[in-house]
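What follows is one structure encoded as structure tokens, with my remarks underneath.
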Amino acid sequence: MKKLILALVLLLLTATPASARPFDVGRDASPNPGSVTVQWISAPLGLIVIDSGRTLSEACKIVKELRATGRPVAGIVITHAHPDHVGGLGVLHKAFPNAPMYATAATSTEIRTDSKGFYALTRQIDGADYPAVMTVPDHVITPNQPITIGGLRLETAEFGPGETDAATAFYEPLSHKLFPGDVVSNHMTPALLEEHSCGWLADLDRLRARFPYARTLYPGHGAPGSPSLIAKQAQYIRDFRAFVAPAATADSPGGATVTPEELVSVKAEIDNRYPNYPNVASLPTLMDVNIAAVAHELATAPACPAG
């Protein structure tokens, strides 16, 4: 059976134009601040689009790029419910109405309810360029179970609470390509505002263990890279916690609250260690919010649980 699968893959590779070979990955990264990446992988029967971009105008640009490939869109998968990954879903659905939209039940529920108020906040920032009504995926991914779209089988893994409460990574085992969403970014200031940095570190350990044969990662923010991106993301979070920790102790000037002076000092340390790291979000105060969130987390639980 394995030999038959490899023979079919070879046949597809030799019979398909180079611009549309199976496993080829296209990508679009929106401008900074808050650059977010939408990616599409070429399946035998069409394109699998991963996430939808933040704004309506960004999604319209992505539609043009997808149509320029000359291939149909076989399906759209969503890694998580953060505003910058689902804002363009309605535009994509209108352009490709026959393409099923996939997400886990937890992700779809968050898109439907906006329980954290993130979409309302994004509308304040992006105005009419962000959808007034969210589009909810119409197909449910069972966590940690494979899905087949356009003739291509993708493995899935569920993570969280970490970068967010629920996130799905997608892995194509024949090409060893991994799409981790925002569990991993590349040379970007991540969003730590949900106060789960310990959980995020645990997620990164699980991601590495779950997909040990991954060769190329395509993160939700930043350029593709090797599996070393996982270790680099973990190091950033550990360093961030270490920089914030002195400002979160009970005997610090503000106690668990970071004072303006402490905020300046912590930001300087982070910028010195990680210079020129653009924000993953368009929120201009992302670094300030990250520091306050991690300080609150550290004041409650100074150390991550073992294990």
Side-chain angles (χ1 to χ4, degrees), residues 33-37 51 54 78-87 103-125 130 134 143 157-169 180-186 188-207 219-222 230 233-245 247-248 256-258 263 266-267 270 274 277-305:
S35 176
V36 61
T37 302
D51 289 336
R54 179 178 64 240
I78 298 298
T79 61
H80 65 295
H82 276 170
D84 50 341
H85 294 263
V86 300
T104 62
T107 293
S108 291
T109 297
E110 183 58 33
I111 295 172
R112 184 181 299 109
T113 62
D114 191 22
S115 67
K116 300 179 178 69
F118 287 168
Y119 305 147
L121 175 61
T122 305
R123 291 186 188 104
Q124 294 178 24
I125 297 171
Y130 200 79
M134 304 306 295
E158 191 74 2
F159 298 94
E163 194 269 345
T164 190
D165 287 340
T168 308
D182 284 6
V183 178
V184 178
S185 60
N186 186 359
M188 303 286 288
T189 295
L192 290 153
L193 45 81
E194 295 196 30
E195 300 187 19
H196 296 303
S197 63
C198 280
W200 196 340
L201 288 169
D203 283 348
L204 290 164
D205 286 340
R206 289 178 50 228
L207 182 70
H221 299 272
I230 299 174
Q233 183 70 77
Q235 189 61 55
Y236 182 101
I237 295 171
R238 286 193 293 266
D239 287 343
F240 198 100
R241 287 173 55 89
F243 292 144
V244 174
T257 302
V258 179
L263 182 65
V266 172
K267 288 169 71 173
I270 296 169
Y274 297 99
Y277 267 50
N279 289 349
V280 297
S282 55
L283 182 67
T285 58
L286 178 63
M287 182 60 76
D288 298 40
V289 175
N290 278 350
I291 292 170
V294 172
H296 186 265
E297 181 185 359
L298 288 167
T300 305
C304 292

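- Pairing each heavy atom of Ala295 with each of Ala256, the nearest pair is CB-O, 4.0 Å.
- Residues in residues 281-292 take part in these salt bridge (charged side-chain N to carboxylate O under 4.0 Å, His left out) pairs, two or more places apart or across chains: Lys267-Asp288.
- In this structure, Ala248 and Leu298 approach most closely via the heavy-atom pair CB-CB, 4.1 Å.
- Looking at Glu110, its side chain does come within 3.5 Å of a backbone N or O of Ser115 through a donor-acceptor pair.
- With contacts defined as side-chain heavy-atom distances shorter than 4.5 Å, the pair Val184/Leu207 qualifies.
- Listed for the Asp51 side chain is no donor-acceptor partner under 3.5 Å among the backbone atoms of Thr37.
- Counting heavy atoms from C-beta outward, Ile78 and Thr168 have side chains that stay 4.5 Å or more apart.
- Minimum heavy-atom separation, Glu194 to His196: O-CD2, 3.1 Å.
- In this structure, Tyr236 and Tyr277 have parallel ring planes: the angle between them is below the 30° cut-off, well short of the 60° mark.
- Legend: salt bridge (charged side-chain N to carboxylate O under 4.0 Å, His left out) pairs involving residues 157-169, not counting sequence neighbours, sorted by first then second residue: Lys116-Asp165.
- In this structure, Ser282 and Ile125 approach most closely via the heavy-atom pair OG-CG2, 3.8 Å.
- A donor-acceptor pair under 3.5 Å links the side-chain atoms of Arg54 to the main chain of Gly34, judged by distance alone.
- The CE atom of Met188 sits 9.5 Å away from atom CG of Leu286, with the distance rounded to the nearest 0.5 Å.
- Counting all heavy atoms, side chain and backbone alike, Pro219 lies closest to Asn186 at CG-CB, 4.2 Å.
- Taking OH of Tyr119 as the reference point, atom CZ of Arg112 lies at 10.5 Å (rounded to 0.5 Å).
- Checking side-chain atoms of His221 against main-chain N and O of Ser35 turns up a donor-acceptor pair under 3.5 Å.
- Looking at Ile237 and Leu204, their side chains come closer than 4.5 Å, going by heavy atoms from C-beta outward.
- The backbone N or O of Ser185 sits less than 3.5 Å from a side-chain atom of Gln233, completing a donor-acceptor pair.
- Here the CG-CE distance, from Leu192 to Met287, works out to 8.5 Å after rounding to the nearest 0.5 Å.
- For the pair Cys198/Arg241, a side-chain contact is recorded, criterion being any heavy-atom separation below 4.5 Å from C-beta on.
- Atom CZ of residue Arg206 and atom CD1 of residue Ile230 lie 12.5 Å apart, to the nearest 0.5 angstrom.
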(message) Walk me through whether His85 and Asp182 qualify under side chain to side chain contact (heavy atoms under 4.5 Å, CB included).
(response) CA-CA 9 Å; His85 294 263; Asp182 284 6; 3.0 Å; yes
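- No side-chain heavy atom of Thr164 sits under 4.5 Å from any side-chain heavy atom of Phe118.
- By the 4.5 Å heavy-atom criterion applied to side chains, Tyr130 and Pro83 are counted as neighbours.
- Counting only heavy atoms from C-beta outward, the side chains of Val266 and Phe240 never approach each other to under 4.5 Å.
- For the residue pair Gly160 and Asp203, the shortest heavy atom distance occurs at N-OD2, 3.1 Å.
- Ile270 places none of its side-chain heavy atoms less than 4.5 Å from the side chain of Asn290.
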